[in-house]
Amino acid sequence: MKISTTTQVVALLASVLTVDAFWRMPCRYRSGMARIDPLMNPGTLGTHEHAIHGSSAFSETSTTADLLTGDCTSCQVSQDKSAYWTPSLYFQNAATGEFQIVEQVGGMLAYYLLYPNSGNDSLSAFPSGFQMISGSTNRRNFTAGPVPDPPKSDWTAAESTQDALAQKALGFNCLNYAVAAEGSLYRHFLPDKAYLDANCLDGIRLELMFPSCWNGVDVDSANHKDHVAFPNLVMTGTCPDTHPVRLVSLFYETIFNTNAFAGVDGQFVLSNGDPTGYGYHGDFIMGWEESFLQEAVDTCTNASGEIADCSLFTIQDGSNCNISMPSALANENYIGPMATLPGSVAIQSGPNSATDGATASATSGAVTTGSAVVPTLSHSAGSTIASTDTFLPGGVFKGQASSSFDPSSSSTIPTSSSISSSSSIPTSSSPSSSAPVTTIAPVYSPAASATEDFVATSYSTNGLEVLEVLWVEETVTVTLSAVETSTPYVRRSDRKRAAARHLHRHQHDAAHGH
Ligand SMILES: *[C@@H]1O[C@H](CO)[C@@H](O)[C@H](O)[C@H]1NC(C)=O
Ligand SMILES: *[C@@H]1O[C@H](CO)[C@@H](O)[C@H](O)[C@H]1NC(C)=O
Ligand SMILES: *[C@@H]1O[C@H](CO)[C@@H](O)[C@H](O)[C@H]1NC(C)=O
Ligand SMILES: *[C@@H]1O[C@H](CO)[C@@H](O)[C@H](O)[C@H]1NC(C)=O
């Protein structure tokens with residue numbers, strides 16, 4: 001771009017330039033599948049079945065100290081003896097009323113996202129002994145606002161309460177690798193069977209964001225939630241004054257092959273008896289040495305997100321690391337077909353709260369298919385990168401798709417082949433919620449150039465290489481002849497939208513031969 005001496009170059013941050021470093025902890029193998037829950041049911045059997053990942057020392061009573069004594073972890077960093085657990089998913093056959101487990105594809109991923117508070121780049125590791133729950137097992141409705149979510153910048157106070165944010169921390173990503181991926185946390189309920197059959201040909205990805213604001217004092221609380229809080233945009237944003245300390249952020253992903261039951265009449269139900277998904281939840285117990293995790297949080301900031309790019313981590317496979325099953329569960333069938341969910345958990349469809357301890361009798365034979373009420377929310381693409389090349393399985397990359405606003409170019413949507421590792425990582429600049437005063441409107445084309453940094457992950461599942469865009473950072477440089485400038489500010493949460501609009505405009509411009 002030519003810059004004449006009479007012009008002033010202004011960096012417009014169409015999105016925020018913060019480098020959101022992260023690393024992605026692959027836990028490709030389960031350490032167990034069991035009715036164990038040391039947070040909700042300490043010292044006794046859990047009420048419902050869980051898919052468990054992490055330390056071999058996980059038990060009905062395990063704490064950070066116990067987990068650290070485990071001789072292995074099913075996750076791929078041997079220093080991570082944390083425990084990660086979520087409900088498993090079942091299919092209830094309408095004809096027989098029986099339940100069968102739905103295959104979990106590829107273990108789980110635990111993202112450690114390094115989102116700082118505004119004006120303070122420091123993040124805290126989880127303190128030793130820290131544990132928490134995200135989500136509410138008895139929830140069966142959605143009261144957090146319209147469906148789908150309005151743009152985050154438009155959320156009202158009522159849509160931003162902690163209760164609302166917690167409901168929006170759940171995601172059910174309909175997987176069909178033939179079309180553009182949905183954005184994370186787009187849909188907050190489990191689509192019904194007909195929708196899954198018709199659209200989610202590669203299954204469903206359950207997503208769970210954890211609170212990342214901490215009161216700085218307590219490692220736990222009575223409900224395992226009150227010591228932490230969500231920032232006002234669920235993943236990013238501002239911490240409430242009551243919980244000012246920003247922790248590393250946790251985000252879980254698990255994939256279930258619901259499509260294996262396509263064409264069979266029945267319904268999917270979480271192991272806690274929830275056919276709606278509103279009651280999805282997950283648990284975490286810190287199982288790192290705190291000082292080690294703090295060092296990792298401070299230094300493992302390579303934008304690739306790959307654990308291999310953090311020299312502190314000892315990478316391992318994680319297979320063959322199992323918890324010890326309590327003898328009471330040794331013969332419990334959790335695979336099926338079986339007459340009830342493990343633990344005889346009753347199906348409760350809501351919309352009123354489920355009640356604790358409701359049990360189904362194996363002889364009742366009640367087939368409850370179709371009783372769950374969830375909206376229909378059709379496919380909506382998140383930010384996309386046309387993926388034609390293959391990536392290494394499990395690879396994570398930060399790609400810089402450079403696209404100057406070249407009107408003659410019709411391929412402004414970056415393709416995978418144009419993604420290379422970026423040498424110009426923008427410097428960190430913390431997001432603020434106050435938009436600078438606009439004095440004149442910026443003029444984009446043609447005197448503008450832009451780069452888009454796609455932070456994405458790819459992984460291999462069912463023999464397919466899948467690309468998932470986590471977020472897009474767009475940097476626009478505009479040449480203006482005026483002295484007064486404006487800096488439109490797009491809140492970080494709107495990156496995907498901003499980028500989508502942006503890409504669309506490129507296509508539009510190209511199509512019209514500007
Ligand atoms: C910066 O953030 C960290 C982590 O939240 C916190 O421990 C520290 O006290 C903060 N520093 C200031 C000056 O607020
Ligand atoms: C990040 O990791 C890549 C390898 O994936 C390496 O080439 C690069 O030098 C690393 N960047 C930094 C800043 O360490
Ligand atoms: C761990 O559990 C899996 C699944 O039940 C089993 O295949 C494997 O043999 C177990 N490994 C060990 C070391 O016990
Ligand atoms: C919606 O769920 C909440 C939390 O579980 C519950 O308190 C409320 O009663 C439910 N609303 C309805 C209409 O059932």
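Numbering starts at 1 and runs along the sequence shown. Atoms within each ligand, like the ligands themselves, are counted from 1 in listed order.
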*Can you find a non-hydrogen atom of N117 under 4.0 Å from ligand 1?*
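Not so, N117 does not reach ligand 1.
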Between [X] and [Y], do the side chains contain an N or O donor and an N or O acceptor separated by less than 3.5 Å?
X	Y	result
K225	S136	yes
D149	H188	yes
Q294	S124	no
D163	T161	no

*asked:* So, regarding D309 and ligand 2 (criterion: nitrogen or oxygen to nitrogen or oxygen, under 3.5 Å), is there a contact or not?
replied: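 N/O-N/O distance under 3.5 Å: yes.
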*Does any N/O atom on S353 come nearer than 3.5 Å to any N/O atom on ligand 4?*
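Min N/O separation from ligand 4 is below 3.5 Å for S353.
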*Could you say whether the N/O atoms of N141 and ligand 4 ever approach to under 3.5 Å?*
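Yes: some nitrogen or oxygen of N141 is under 3.5 Å from one in ligand 4.
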Nearest to [atom], what protein heavy atom do you find, and at what distance?
atom	answer
atom 4 (C) of ligand 1	S124 OG, 3.4 Å
atom 11 (N) of ligand 1	N120 ND2, 2.9 Å
atom 5 (O) of ligand 1	R246 N, 2.7 Å

*Do I52 and Y84 touch side chain to side chain, with heavy atoms closer than 4.5 Å?*
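A side-chain contact under 4.5 Å is absent here.
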*Under the side-chain contact (heavy atoms from CB on, under 4.5 Å) criterion, do T143 and N141 qualify, and how do the steps go?*
CA-CA 7 Å; T143 58; N141 64 31; 3.6 Å; yes
*Any protein heavy atom under 4.0 Å from atom 9 (O) of ligand 4?*
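Protein heavy atom within 4.0 Å of atom 9 (O) of ligand 4: absent.
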*Numbered atoms and elements of ligand 2 in range of N302, under 4.0 angstrom, heavy atoms*: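 Once the distances to N302 are compared, the set is 1 (C), 2 (O), 3 (C), 8 (C), 10 (C), 11 (N), 12 (C), 14 (O).
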*Counting only heavy atoms not in D241, do more than 12 sit closer than 6.0 Å to its CG atom?*
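At most 12 heavy atoms, drawn from other residues, nucleotides or ligands, come within 6.0 Å of this atom.
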*Classify the contact between N352 and ligand 4 as side chain, backbone, both or neither, using a heavy-atom distance cut-off of under 4.0 Å.*
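Both the backbone and the side chain of N352 come within reach of ligand 4.
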